[in-house]
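For reference, the structure discussed in these notes is given below.
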Amino acid sequence: MAGKIELIHTTNAAAPGGHYSQAVLHQGVLYVSGQLPVRANGEHSADQPFEVQASIALDNLMAILSAAGRSASDLLKVTVYVVGVEHWAAFDRVYARYLGEHRPARAVVPVAGLHHGYLIEIEAVVGGL
């Protein structure tokens, strides 16, 4: 693999819960690992309503983007895993508040369950260089 791989880490987003990085930067493309709605201080939010969980996961994503010198307008592709397709519309509203007019490619994937009982996980591919 040509080019250096830079590991991205910020204390403004939840720390990885396993053997992975919050994000990696390679040849100008940032790959953000799946972000659960765990607060930056490690506090869990699985007992919170879906919209709160979505906001926390997006806060983590935005903090990682910032740590890599990127912003929401640099998002190329976002993949969202949601427990229960009934949350799709609520996610779309929260997501639109964070992204404004920017509309990257996106997939919302309904799943049966996520770690620790969470309702949402978000990963992304980001340009910017």
Side-chain angles (χ1 to χ4, degrees):
M1 184 179 300
K4 178 183 168 197
I5 296 174
E6 180 182 346
L7 304 180
I8 304 297
H9 179 79
T10 178
T11 57
N12 294 324
H19 188 75
Y20 63 93
S21 297
Q22 289 172 326
V24 298
L25 180 62
H26 181 256
Q27 295 186 342
V29 179
L30 181 69
Y31 301 88
V32 181
S33 294
Q35 298 301 304
L36 290 167
V38 178
R39 290 184 172 89
N41 66 4
E43 183 181 314
H44 290 272
S45 64
D47 60 338
Q48 296 295 307
F50 178 82
E51 290 84 353
V52 172
Q53 290 190 38
S55 293
I56 294 167
L58 285 163
D59 287 344
N60 286 336
L61 174 60
M62 296 304 150
I64 293 165
L65 294 178
S66 179
R70 305 299 198 282
S71 70
S73 64
D74 296 314
L75 286 164
L76 299 174
K77 172 75 167 78
V78 177
T79 304
V80 183
Y81 303 94
V82 177
V83 176
V85 73
E86 68 273 11
H87 295 299
W88 190 94
F91 172 72
D92 202 50
R93 285 190 300 274
V94 174
Y95 183 77
R97 283 198 316 263
Y98 278 78
L99 271 64
E101 294 300 313
H102 183 57
R103 293 173 182 247
R106 185 183 84 184
V108 177
V109 183
V111 296
L114 291 167
H115 288 48
H116 311 292
Y118 287 112
L119 299 174
I120 187 169
E121 183 171 356
I122 304 170
E123 66 179 18
V125 178
V126 186
L129 280 185

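A quick note: this is a predicted structure, and the numbers were derived from the prediction, not measured.
- Looking at heavy atoms from C-beta onward, Asp59 lies in side-chain contact with Tyr98 at the 4.5 angstrom threshold.
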May I have the list of side-chain donor-acceptor pairs in residues 5-12 shorter than 3.5 Å, sequence neighbours left out?
from, atom 1, to, atom 2, distance (Å)
His9, ND1, Gln22, OE1, 3.3
Thr10, OG1, Asn12, N, 3.0

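- Ser71 is linked by a side chain to side chain contact (heavy atoms under 4.5 Å, CB included) to Ser73, Asp74, counting only residues two or more places apart in sequence or in another chain.
- Not counting sequence neighbours, the partners of Thr79 by the side-chain hydrogen bond (donor to acceptor under 3.5 Å, both in side chains) test are Lys77.
- Cluster partners of Val52, by chain and number: Ile56. The rule joins Ile, Leu, Val, Met, Phe, Trp and Tyr whenever side-chain heavy atoms lie under 4.5 Å apart.
- Residues Val85 and Val82 do not share a hydrophobic cluster, defined by chaining ILVMFWY side chains whose heavy atoms lie under 4.5 Å apart.
- Between the CD1 atom of Ile120 and the CD atom of Gln35 there is a distance of 11.5 Å, given to the nearest 0.5 Å.
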Throw together a table of side-chain donor-acceptor distances under 3.5 angstrom for residues 103-112, partners on residues two or more places apart or in other chains.
from, atom 1, to, atom 2, distance (Å)
Arg106, NH1, Asp92, OD1, 2.9
Arg106, NH2, Asp92, OD1, 3.0

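- Considering only residues two or more places apart in sequence or on other chains, Tyr31 meets the side-chain hydrogen bond (donor to acceptor under 3.5 Å, both in side chains) condition with none of them.
- Here the side chain of His87 pairs no donor or acceptor atom with the backbone of Leu119 at under 3.5 angstrom.
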Show me the side-chain donor-acceptor pairs of residues 60-69 shorter than 3.5 Å, one per line, residues at least two apart or across chains.
from, atom 1, to, atom 2, distance (Å)
Asn60, OD1, Ala14, N, 3.3
Asn60, ND2, Leu36, O, 3.1
Asn60, ND2, Val38, O, 2.8

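- Using a 4.5 Å heavy-atom cutoff, the side chains of Phe91 and Ile122 are in contact.
- Listed by first and then second residue, the ring-ring contact (aromatic ring centres under 6.0 Å, His included) pairs involving residues 63-85 amount to none (not counting sequence neighbours).
- Val32 places none of its side-chain heavy atoms less than 4.5 Å from the side chain of Arg70.
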Give every donor-acceptor pair under 3.5 Å between a side-chain atom in residues 44-51 and any protein atom, sequence neighbours left out.
from, atom 1, to, atom 2, distance (Å)
His44, ND1, Tyr118, OH, 2.6
Ser45, OG, Pro37, O, 2.4

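- Here Glu43 pairs with Arg39 under the salt bridge (charged side-chain N to carboxylate O under 4.0 Å, His left out) rule; sequence neighbours left out.
- Looking at heavy atoms from C-beta onward, Val78 lies in side-chain contact with Tyr95 at the 4.5 angstrom threshold.
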